[in-house]
Structures are given as C-alpha cells and as structure tokens.
2 protein chains.
Amino acid sequence: MAASARRGPYVCGIDAAMDVVAGKWKPLILWELHHYGTRRFAQLRRGLPGVSEKMLIQHLREMEEDGLVHREVYPEVPPKVEYSLTEHGVSLNTALAPLGAWGTARAGRIGAERVTVDEVAAVRRP
Amino acid sequence: MAASARRGPYVCGIDAAMDVVAGKWKPLILWELHHYGTRRFAQLRRGLPGVSEKMLIQHLREMEEDGLVHREVYPEVPPKVEYSLTEHGVSLNTALAPLGAWGTARAGRIGAERVTVDEVAAVRRP
DNA sequence: TGAGGTACTCACCCACGGGTAAGTACGTCG
DNA sequence: CGACGTACTTACCCGTGGGTGAGTACCTCA
C-alpha cells in the first residue's frame with residue numbers, strides 16, 4: 001500500500017516528522033483541520049481544490065494511523081464522518097508553524113505567486 | 001531535470017518550504033552542513049551513508065539554485081569543492097528545528113528505532 | 001423518475017524520484 | 001603499471017505516489 005516502509009528507522013527527528021507529513025496534501029489537510037477544528041469529508045474535499053477523493057481518503061487514513069487526526073463516524077442514514085486533529089496533530093501543526101513562516105518569507109523573496117483557494121480552483125478545474 | 005515544477009504557485013508557506021526540503025536527503029544535507037559548517041563533496045557522501053553520488057549532486061545543485069547552500073570551487077589539481085550553508089539555509093534549519101524536535105518526540109512515542117550513522121552504514125552497505 | 005449528495009472502494013495508468021553502474025580527466029601512491 | 005582519490009556526468013531501470021474514472025448503497029428533492 002502507500003504505507004510503504006513508514007515508521008522505518010530514522011536518522012534524525014526531521015526524518016520522523018517528514019515521514020508523517022510526506023504527501024502532496026498532508027500539510028493542507030493539517031492546516032484545514034487546524035483552522036476549522038472539525039470538518040466533514042466533503043468539506044475537506046471542497047477546501048482542497050484539486051485533490052482526488054482517493055488521495056484524500058488515503059491521506060486521512062494514514063494520518064489517522066499516525067495518530068494525527070481523529071475520525072468520528074455517525075451511523076446516520078446519510079453517512080456522516082467528522083475529522084478533527086488529535087493533540088499530536090495540533091502539536092505537529094505548531095511545530096510546522098516556523099517552517100510555514102519561512103516558506104512564506106521565501107515565497108515573498110523569490111516573488112512566487114501566492115495563490116488563493118479560489119484561484120487554485122480556477123486553475124485546477126478548467 | 002529534477003527541478004520539475006518547482007517554484008510553482010504555493011497555497012501556503014508550508015508548500016513553499018516543503019518544495020525546497022522535498023528530497024530524500026535534503027534535510028540530512030542541511031543538518032550535515034549546519035553541524036560541520038563547511039564540507040567537501042566526499043565528506044558529505046561519507047556523512048550520508050547510502051546516498052548515491054547522483055542524488056547528492058542533484059540535491060546540492062537544487063539547494064544551490066534555491067539559495068540554501070554556497071558552492072566554492074578551488075581550481076586545484078585534485079579538484080576541491082566546498083559546500084556551506086547560506087544565511088537562508090541557516091534560517092531554514094532554524095525553522096526546521098521544532099519539526100525535528102516533534103519528530104524525535106514522536107519517534108520516542110511510537111518506539112521507533114533511532115539509528116546512528118554507523119548503524120545506517122552497516123544496514124545499507126552489506 | 002432521475003439528478004444529486006453522502007462517504008467511500010476498486011482498477012488502471014503514468015510520470016518522476018531515486019538507485020545502479022559506468023565513464024571522464026587528472027594526479028599521486030605503491 | 002595499475003589502483004585509488006577527487007568531483008562529477010551520463011545512461012538506464014524500476015517502484016510508487018498520485019491522478020482518472022467508474023461503481024456502490026442509501027436517501028432527498030425537484
């Protein structure tokens with residue numbers, strides 16, 4: 001599966017953290033859940049324009065296995081599943097903050113376009 | 001080249017930072033250069049057991065393009081090249097520190113083996 | 001009646017990140 | 001004379017991360 005050789009021996013802490021954050025949408029999911037607190041599957045999908053359902057589920061499952069997100073299923077007739085961050089997820093987000101700041105500074109430095117969610121939606125959904 | 005679609009539009013700062021750190025050995029190179037200050041090519045290769053020369057060069061070139069490392073060539077008869085971190089590289093490392101701490105904590109939490117350089121050498125060079 | 005929303009699963013495909021191995025030009029050491 | 005060390009370059013191969021698209025079971029609304 002995608003959970004190839006995860007939890008492998010780590011050379012350093014960055015390794016261990018990257019292992020958990022690796023994945024095209026993981027940081028965005030983290031951010032989304034951190035920002036909104038609790039989100040349903042379809043809400044997340046809409047919040048991450050361009051993500052495929054397969055990847056979203058796959059990433060959510062991995063992050064659940066890694067103890068970053070909590071998955072609450074409501075056995076209702078229209079299915080309802082709520083995702084939220086565990087305390088480990090929150091602490092990871094906190095640890096990620098300086099990196100985000102650095103990235104933002106760098107983006108400004110090199111003059112890269114910073115794209116809003118709507119623009120991404122426009123670009124990735126022609 | 002490997003510089004596929006880098007510097008692409010970023011959704012958030014984490015994106016921009018991950019773009020620069022993405023690569024199996026980038027964080028290790030960063031750590032190595034940060035730890036030793038200045039390193040020659042062969043020293044780096046020995047410090048990162050298991051890395052192929054191709055990947056090491058490729059990563060170093062990309063990090064140089066990204067303004068993270070400085071490459072100093074001495075036109076001597078046995079070729080000599082020294083790599084060191086730029087101030088941006090140093091600041092990235094600083095921003096990476098909390099993530100490293102989080103990863104270390106997590107590695108301890110899940111009881112993952114933390115491997116020393118020598119052990120890695122033993123494992124990856126049978 | 002059928003279109004749409006919920007949360008998925010499954011099968012297939014392809015690009016690319018990374019590994020392996022060899023070649024290069026020059027010099028020194030044994 | 002050949003092995004070894006420096007710092008690379010080049011060619012080739014393969015695994016997998018991620019994308020596409022369809023299918024499922026149930027319910028609601030127009």
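By convention in this document, chain letters (A, B, ...) are assigned in the order of the sequence lines, proteins followed by strands, and residues within each chain are numbered from 1.
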Sugar-phosphate, base or nothing in reach of A:Tyr83, heavy atoms under 4.0 Å: sugar-phosphate
A:Glu32 bridged to A:Arg39 by N-O distance under 4.0 Å: yes
Ring-face cation of A:Arg109 near A:Trp102 (centre distance under 6.0 Å, axis angle within 45°): yes
B:Lys24 side chain, from C-beta outward: closest of D:dG19, C:dG18, C:dC8: C:dG18
Among C:dT6, C:dT9, D:dG19, the one nearest A:Glu53 by side-chain distance: C:dT9
pair B:Met55-B:Lys24: side-chain heavy atoms closer than 4.5 Å: no
B:Arg61 side chain near D:dC8 phosphate (N/O to OP1/OP2, under 4.0 Å): yes
Heavy-atom closest contact (A:Val51 atom, A:Arg45 atom, distance): CG1-O, 4.1 Å
Presence of B:Arg45 side-chain N/O under 4.0 Å of D:dG5 phosphate oxygens OP1/OP2: no
Earlier contact from the 5' end, DNA chain D, for B:Val81 and A:Gly23: B:Val81
A:Lys54 or B:Lys54, whichever maps to the more 5' nucleotide of DNA chain D: B:Lys54
What's touching nucleotides 26-30 of chain D from the protein side, N or O pairs under 3.5 Å?
none

Phosphate OP1/OP2 of C:dG17 contacted by B:His59 side-chain N/O (<4.0 Å): no
Short side-chain N/O contact from A:Arg40 to OP1 or OP2 of C:dT6, under 4.0 Å: no
Beyond-backbone contact of A:Asp19 with A:Asp66, side-chain heavy atoms, under 4.5 angstrom: no
N or O in side chain of A:Arg46 less than 4.0 angstrom from C:dT6 OP1/OP2: yes
Distance, rounded to the nearest Å, where B:Met18 contributes CE and D:dG17 contributes P: 14 Å
4.5 Å side-chain heavy-atom contact, B:Thr38 and B:Tyr83: no
Length of the CD-C1' vector between B:Gln58 and D:dA7, whole Å: 16 Å
Nearest-Å distance for atom pair CG/P, residues A:Leu56 and D:dT20: 14 Å
Check ion pair A:Glu62-A:Lys26 (N to O, under 4.0 angstrom): yes
A:Leu60 CG to C:dT9 C1', straight-line distance once rounded to whole Å: 15 Å
For atom NZ of A:Lys80 and atom C1' of C:dC8, their distance in whole Å: 17 Å
Atom pair distance, as rounded to whole Å: CD1 in A:Ile57 and C1' in D:dT20: 14 Å
Between P of D:dC8 and CD of B:Glu62, the distance in whole Å: 15 Å
Parallel, tilted or perpendicular: rings of B:His35 and B:Trp31 (30°, 60°): parallel
Rounded distance (Å) that lies between atom C1' of C:dC8 and atom CG of A:Leu44: 14 Å
Residue B:Met55, side-chain heavy atoms: nucleotide from C:dT6, C:dG18, C:dT20 that is nearest: C:dG18
